[in-house]
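If you read the sequence from its start, that first residue is 1, and numbering goes on from there.
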Amino acid sequence: MKKWLLMLAVASFMLGYVSCSNDNDETSASLALIPAPQGVSVKAGHFKLTRRAAITLDTSNPELIAIAQYFNNKIVPATGFDVPVEKHGKIEFKLTEDTSLGTEGYHLLVKRGDITLTANKPAGIFYGVQTLLQMLPPEIKSSTKQENIDWTIPCADITDKPQFPWRGMMLDVSRHWFTKEEVKKYIDELAEYKMNVFHWHLTDDQGWRIEIKSLPRLTEIGAWRAPRVGQWWQRERQQPGEETSYGGFYTQEEIKEVLAYAAERYVRVIPEIDVPGHSVATLVAYPELACMKAPDAVNVGNKFYGEDENTLCIGKDFTFEFMDKVLTEVAALFPDEYIHIGGDECFKGFWHKCPDCQARMKAENLKNEEELQSYFIHRMGDLLKSKGKKLIGWDEILEGGLTPDATVMSWRGMEGGIKSAKAGHHVIMTPSEHCYLDLWQGEPSVEPDTYSMCRLKDAYSFNPVPDGVPADMILGGQGNLWAESLPTFRHAEYMAWPRGWALAEVLWSGPSKTNWEQFYPRVEKHFERAYYAQINYARSMYNAIITSRYNKEGILEIKLESEPGNLDIYYTFDNTDPDNFTPKYHSPLQVPKDATWLRVVTYRDNRPIGKVITLTIKELEKRAGKRE
């Protein structure tokens with residue numbers, strides 16, 4: 001008997017030792033954490049969360065108390081209980097002086113009997129709590145009480161910190177209006193994945209969304225337009241006398257509420273006032289800002305670029321008086337050091353015709369309209385500096401010369417960011433091919449309409465630091481969710497997740513930690529969490545990828561793939577729906593004589609997992625391009 005007990009004790013010890021020392025990607029994947037931690041070892045056993053657990057912390061620190069309340073707010077709906085703060089609890093939140101963790105890192109030790117979460121700063125405790133919440137069963141995300149669930153957390157030892165200080169998500173509220181509560185929900189969702197920047201695109205051609213008390217017409221007039229649906233750029237212009245019932249804006253009190261909500265989640269909020277272009281709504285509200293003739297109505301999604309004025313007149317002193325008023329109020333509202341002033345896609349044709357702009361160019365010895373834009377950006381930089389703020393702009397602000405202390409957000413590929421970083425400017429990388437979340441994320445024929453492609457795998461392959469660029473000049477990156485094709489918040493969620501999770505992992509864990517084969521199974525686990533949270537995530541990665549080309553003999557060939565790479569793909573050419581009894585794809589297909597349609601579906605474990613995709617042979621020929 002003694003010998004048997006000794007063997008059992010040794011076996012238990014060895015199991016614990018092996019589990020604790022197994023510090024590799026596989027153990028990280030077993031916890032299904034997004035983003036993946038820098039260092040993790042999984043142990044045998046689990047901690048069971050009950051109302052008797054209690055949280056111990058320094059009660060003189062209001063931030064730690066707020067984080068404990070945040071934790072309880074997250075668990076109460078599903079569990080039906082909260083975890084009180086007591087002097088001797090089983091869960092400890094503790095601030096230390098471990099400089100290796102930086103300002104956002106944490107150490108989380110989960111044992112059978114207790115949990116210890118340590119960090120240098122409260123932000124690190126907050127991010128450790130996000131990890132702790134992800135280690136609970138997916139039902140924890142439910143807004144209603146879940147019965148018969150063991151609220152267990154696997155025993156583990158995790159040391160973690162972010163690779164980039166700027167981990168952002170942008171939301172465009174101009175093209176389509178999202179309420180204060182929807183904005184707060186977006187912030188909450190990005191914070192759960194350790195993102196720490198919310199870029200708030202507040203003004204554009206289709207609406208001005210922030211109250212400026214000294215310029216009331218901006219929201220009285222510029223925040224409203226005629227209601228429209230249908231494809232963007234294909235809509236009928238607003239007609240004279242038509243009711244302007246679509247839109248909205250945030251009062252300054254509402255903005256303060258959103259800012260407080262974000263601060264509780266350690267999320268910085270960067271406001272964007274997009275100038276000098278993208279200003280139709282502004283010109284409608286204040287026509288005196290136009291070069292010659294302001295538009296009659298806020299844009300509804302109709303074509304206008306180059307036809308209607310949408311740029312501020314740089315020649316008029318009133319423009320700079322206007323911007324001073326706007327930025328004075330914005331700077332007073334937003335605590336962050338940065339204000340984004342846009343600077344992108346500025347049509348300069350009206351400046352070329354404008355007597356005031358031409359006079360300004362002559363007076364300032366400016367050679368062309370690109371230098372005129374640079375002049376405006378420089379003045380905005382000086383204006384923000386006088387208010388204690390720094391300027392961020394899209395990479396077009398490079399044109400004509402860049403203000404010395406500007407930060408560049410590089411969206412037209414990486415080139416603008418590379419140039420800026422080498423010139424000594426800080427850069428946030430957000431190239432459209434990896435970071436534009438308003439693009440198709442799968443086969444366009446079964447996706448809501450948009451204009452280009454950015455798959456989950458594209459987002460996950462993002463590397464913010466190109467070769468040969470000083471790494472310390474790259475602050476990080478962000479996903480951009482433009483709203484032309486986002487008529488509802490539910491659809492905004494569909495476009496944001498899971499690609500936002502991919503970017504979260506790249507920016508927190510770092511490109512060197514990314515592993516697609518281990519990432520997508522974790523995404524599937526988070527689909528379940530999103531289901532319980534009633535978040536409208538996209539399952540587009542399960543849809544077949546269909547590409548066509550002409551081979552050397554001029555014959556059309558069709559290739560079928562899937563992003564996971566482990567799905568069974570079935571197809572038909574005979575106008576019937578495919579299933580797992582129709583032909584299975586093994587190698588490139590050739591089109592049978594007189595076939596009209598190709599239909600494709602993906603399966604896993606003999607169950608359909610992707611959508612049925614139907615493409616005409618003519619469409620496949622079009623995609624293939626010209627014969628060689």
Mind checking the [atom1]-[atom2] spacing from [X] to [Y]? Nearest 0.5 Å is all I need.
| X | Y | atom1 | atom2 | result |
| --- | --- | --- | --- | --- |
| Asp204 | Asp344 | CG | CG | 7.5 Å |
| Ile115 | Ile91 | CD1 | CD1 | 4.5 Å |
| Ser540 | Lys611 | OG | NZ | 6.5 Å |
| Glu433 | Cys454 | CD | SG | 8.5 Å |
| Met170 | Ile270 | CE | CD1 | 13.0 Å |
| Thr152 | Leu136 | OG1 | CG | 7.5 Å |

So, [X] side chain and [Y] main chain: donor-acceptor pair closer than 3.5 Å or not?
| X | Y | result |
| --- | --- | --- |
| Gln134 | Ile34 | yes |
| Asn302 | Arg235 | no |
| Thr244 | Trp224 | no |
| His434 | Ala459 | no |
| Thr203 | Trp208 | no |
| Arg268 | Asp336 | no |
| Arg228 | Val300 | no |
| Thr602 | Asn543 | no |
| Glu211 | Gln252 | yes |
| Asn72 | Gln69 | no |

On a heavy-atom basis, which atom in [X] and which in [Y] lie closest, and how many Å separate them?
| X | Y | value |
| --- | --- | --- |
| Glu505 | Phe519 | OE2-CD1, 3.6 Å |
| Ser214 | Lys325 | OG-CB, 3.6 Å |
| Ser509 | Ala36 | OG-O, 2.6 Å |
| Ala156 | Met135 | CB-CE, 4.0 Å |
| Val506 | Pro464 | CG1-CD, 4.0 Å |
| Ile140 | Trp151 | N-CZ3, 3.5 Å |

Once the angle between the rings of [X] and [Y] is folded into 0 to 90°, is it parallel (under 30°), tilted (30 to 60°) or perpendicular (over 60°)?
| X | Y | answer |
| --- | --- | --- |
| Phe489 | Phe178 | perpendicular |
| Trp411 | Tyr436 | parallel |
| Phe198 | Trp200 | tilted |
| Tyr250 | Trp177 | tilted |
| Tyr520 | Trp516 | tilted |
| Tyr106 | Trp508 | tilted |

Exercise for review: Decide yes or no on side-chain contact (heavy atoms from CB on, under 4.5 Å) for Met541 and Arg455, but give the supporting numbers first.
Suggested key: CA-CA 8 Å; Met541 73 172 188; Arg455 297 183 185 276; over 6 Å; no
Heavy-atom check, side chain of [X] versus side chain of [Y], under 4.5 Å:
| X | Y | answer |
| --- | --- | --- |
| Phe126 | Glu63 | no |
| Phe93 | Val85 | no |
| Ile339 | Met380 | no |
| Val129 | Lys74 | no |
| Met495 | Leu481 | yes |
| Val427 | Asp395 | no |
| Leu171 | Met169 | no |
| Val269 | Ile255 | no |

Please tell me whether [X] and [Y] have a donor and an acceptor in their side chains that are separated by less than 3.5 angstrom.
| X | Y | answer |
| --- | --- | --- |
| Arg265 | Tyr261 | yes |
| Tyr70 | Glu264 | no |
| Thr56 | Lys94 | no |
| Tyr246 | Gln206 | no |

Give a yes or no on whether [X] atom [atom1] has more than 12 heavy-atom contacts from other residues, nucleotides or ligands under 6.0 Å away.
| X | atom1 | value |
| --- | --- | --- |
| Lys48 | NZ | no |
| Lys185 | NZ | yes |
| Gln534 | CD | no |
| Gln234 | CD | yes |

**Study point:** Member of Trp166, Trp482, Trp394 meeting the ring pair (Phe, Tyr, Trp, His ring centres under 6.0 Å) criterion with His199
**Key:**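 Single pass found, and it is Trp394.
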Between [X] and [Y], does any side-chain N to carboxylate O distance fall below 4.0 Å?
| X | Y | result |
| --- | --- | --- |
| Arg529 | Glu192 | no |
| Glu253 | Lys256 | yes |
| Lys184 | Glu181 | yes |
| Arg225 | Asp205 | no |

Point to revise | Criterion side-chain contact (heavy atoms from CB on, under 4.5 Å) on Val40 and Leu31, from CA distance to verdict | key: CA-CA 9 Å; Val40 54; Leu31 294 179; 3.7 Å; yes
Check your understanding: Please walk me through it: do Ile75 and Leu133 pass side-chain contact (heavy atoms from CB on, under 4.5 Å)?
Key -> CA-CA 8 Å; Ile75 69 168; Leu133 288 167; 3.7 Å; yes
Point to revise | Within the 6.0 Å centroid threshold, strictly below: His526 and Tyr193 | key: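 Aromatic pair counts; centres sit under 6.0 Å.
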Review point. Between Asn310 and Asn299, is a side-chain contact (heavy atoms from CB on, under 4.5 Å) present by the stated rule, with each step listed?
Key: CA-CA 10 Å; Asn310 81 322; Asn299 186 265; over 6 Å; no
Check your understanding: With respect to Ile545, which candidate in Glu563, Glu443, Lys457 satisfies the side-chain contact (heavy atoms from CB on, under 4.5 Å) definition?
Key ->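 The side-chain contact (heavy atoms from CB on, under 4.5 Å) with Ile545 is passed solely by Glu563 among Glu563, Glu443, Lys457.
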